Trainee: 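What follows is a single structure, and I will ask about it in a moment.
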Amino acid sequence: MTGDAFIQIRQVHFVYHPGQPDAVEALRGIDLEVRRGEFLAVVGANGSGKSTLARLLNGLLLPTRGEVRVAGRSTADPAARGEIRRLVGMVFQNPDNQLVAPTVEEDVAFGPENLGLPRDEIARRVRRALEAVGLWERRADPPHRLSGGQKQRVALAGVLAMEPACLVLDEATAMLDPAGRAEVLDAVTRLHREQGITVVLITHFLEEAARAQRVVVMHRGRVVAGGPSAEAFDGPDWLEAVGLAAPPMGRLADRLRRRGWRLPSGIVTVEQLVAALLRPGSPAPGAGDLGGGSAAPGSGGPGMGQRGGGPAAAARNPAAGGVGGG
Ligand code: ADP
Ligand code: MG
């Protein structure tokens, strides 16, 4: 599914207002590759440089130093600019700023029309894009009648109609309610799985990043960590140090671990925690007290009423204490 490097970022620095008294060094030496067909999440606190990085990926911004290559071509090459903008489609945070036309289908047609494509080709693309995000039935609606999640899916369809190779979502769910967030993420996940589209999902929700195959963590203009998503999240203390809130399920798993539960690392979602707790032969300390501690739905949840951790927990977690603040 994933292959060669589609985007290569080499020693990239970016400075806003270079040489001015108010210069801001937003990126300080980024090295990163996005492979073709990969689903990558980029997480980081506010101000860590995520949006700056996003705008460098399709040439909206050019590096102050270093180089960004997309499909082998530098974003600084004026002859490559149009093609790179088409190949790397961006969805931004605010749905209302991205919709321009009186109806959903006219909005989605906007990009292909600007490419000067024939009418039947435009119609084909609009239909395919709206079907991909589940909004074909709503094509005649004015965008302002849609929910936030639906609007973001229209914005996504507008990008898809350009037939990009890569989608960059810059906090595209940040303004949505939980249902809207799920709608957008499900659509993106499906596009990745079924159409092999490359995805760069920028978010500060670690639960969302858990959908990706790989996660990189940004902090003050640098990539400070990265790895398969399940391993990138270890330890609430570490997350707090880079300004990220540990997801509630991650904090709960951490507390259970400190009390001696044997849980795998990288738990961020309810589903992951439930799966870990219900694993056969799982995990409670003193599980004998709790009827075997294995997969017994209806037993009240293995160990959820457990108090204390016992000496084993303390020995395993010498650094215990102080977690779960926020
Ligand atoms: P994030 O998306 O992770 O919140 P940004 O890339 O938006 O981070 O910002 C990185 C840094 O660059 C921050 O210090 C921010 O204040 C600064 N910055 C972002 N946009 C501009 C701008 N247009 N002019 C000046 N500074 C900016
Ligand atoms: Mg941002």
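All values derive from a computational prediction rather than experimental measurement. Each ligand, and each atom within it, is numbered from 1 in the order the structure gives.
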Trainee: Report yes or no: do Gln152 and Gln98 form a side-chain donor-acceptor pair below 3.5 Å?
Mentor: yes

Trainee: Is it the case that atom CZ in Arg65 sees more than 12 heavy atoms from other parts of the structure closer than 6.0 Å?
Mentor: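 Atom CZ in Arg65 is not packed in, count stays at 12 or less.
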
Trainee: What protein heavy atom is closest to atom 20 (N) of ligand 1, reported as residue, atom name and distance in Å?
Mentor: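 The closest one turns out to be Tyr16 CZ, 3.3 Å.
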
Trainee: What protein heavy atom sits nearest atom 8 (O) of ligand 1, and how far off is it?
Mentor: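 It is Gly49 N, 3.1 Å.
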
Trainee: Among Gly47, Gly221, Ala54, which one puts a heavy atom closest to atom 10 (C) of ligand 1?
Mentor: Gly47

Trainee: Would you say atom 16 (O) of ligand 1 has a protein heavy atom nearer than 4.0 Å?
Mentor: no

Trainee: Going by the order shown, which atoms of ligand 1 are within less than 4.0 Å of some heavy atom of Ala26?
Mentor: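 Per the distance check, 10 (C), 11 (C), 12 (O).
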
Trainee: Taking atom 9 (O) of ligand 1 as the point of reference, which of Leu53, Leu27, Ile202, Thr52 owns the nearest heavy atom?
Mentor: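 Minimum heavy-atom distance to atom 9 (O) of ligand 1 goes to Thr52.
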
Trainee: Under a heavy-atom criterion of less than 4.0 Å, does Ser48 contact ligand 1?
Mentor: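 Flag set, Ser48 near ligand 1.
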
Trainee: Pick one of side chain, backbone, both or neither for how His17 approaches ligand 1, counting any non-hydrogen atom pair under 4.0 Å.
Mentor: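 For His17, only side-chain atoms sit under 4.0 Å from ligand 1.
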
Trainee: Could you tell me if Thr173 and Glu208 have a donor-acceptor pair between their side chains, going purely by distance under 3.5 Å?
Mentor: yes

Trainee: Checking a contact table here: which protein heavy atom is nearest atom 7 (O) of ligand 1, and how many Å away?
Mentor: Ser51 CB, 3.7 Å

Trainee: What do you reckon, is CZ of Phe110 surrounded by more than 12 foreign heavy atoms closer than 6.0 Å?
Mentor: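 Not buried by this count: 12 neighbours or fewer within 6.0 Å.
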
Trainee: Nearest non-hydrogen contact with atom 14 (O) of ligand 1 belongs to which option: Asn46, Asp22, Val24?
Mentor: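 Selected option, by shortest heavy-atom distance: Val24.
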
Trainee: Identify, by atom number and element, the atoms of ligand 1 in contact range of Ala45, meaning under 4.0 Å from any of its heavy atoms.
Mentor: 3 (O)

Trainee: Taking side chain as C-beta onward, heavy atoms only, is Tyr16 less than 4.5 Å from Leu61?
Mentor: yes

Trainee: Around Arg128, counting heavy atoms of other residues, nucleotides and ligands shown, do more than 12 lie under 6.0 Å from its CZ?
Mentor: no

Trainee: Report, as yes or no, whether the 6.0 Å neighbourhood of atom CZ on Arg85 holds more than 12 heavy atoms from other residues, nucleotides or ligands.
Mentor: yes

Trainee: If I take every N, O or S atom of Asn46, is at least one of them less than 2.8 Å from the Mg ion (ligand 2)?
Mentor: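 No, Asn46 does not qualify, because none of its backbone or side-chain N, O or S atoms lies under 2.8 Å.
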
Trainee: Which atoms form the tightest heavy-atom contact between Gly149 and Val184, and what is the distance?
Mentor: O-CG2, 3.7 Å

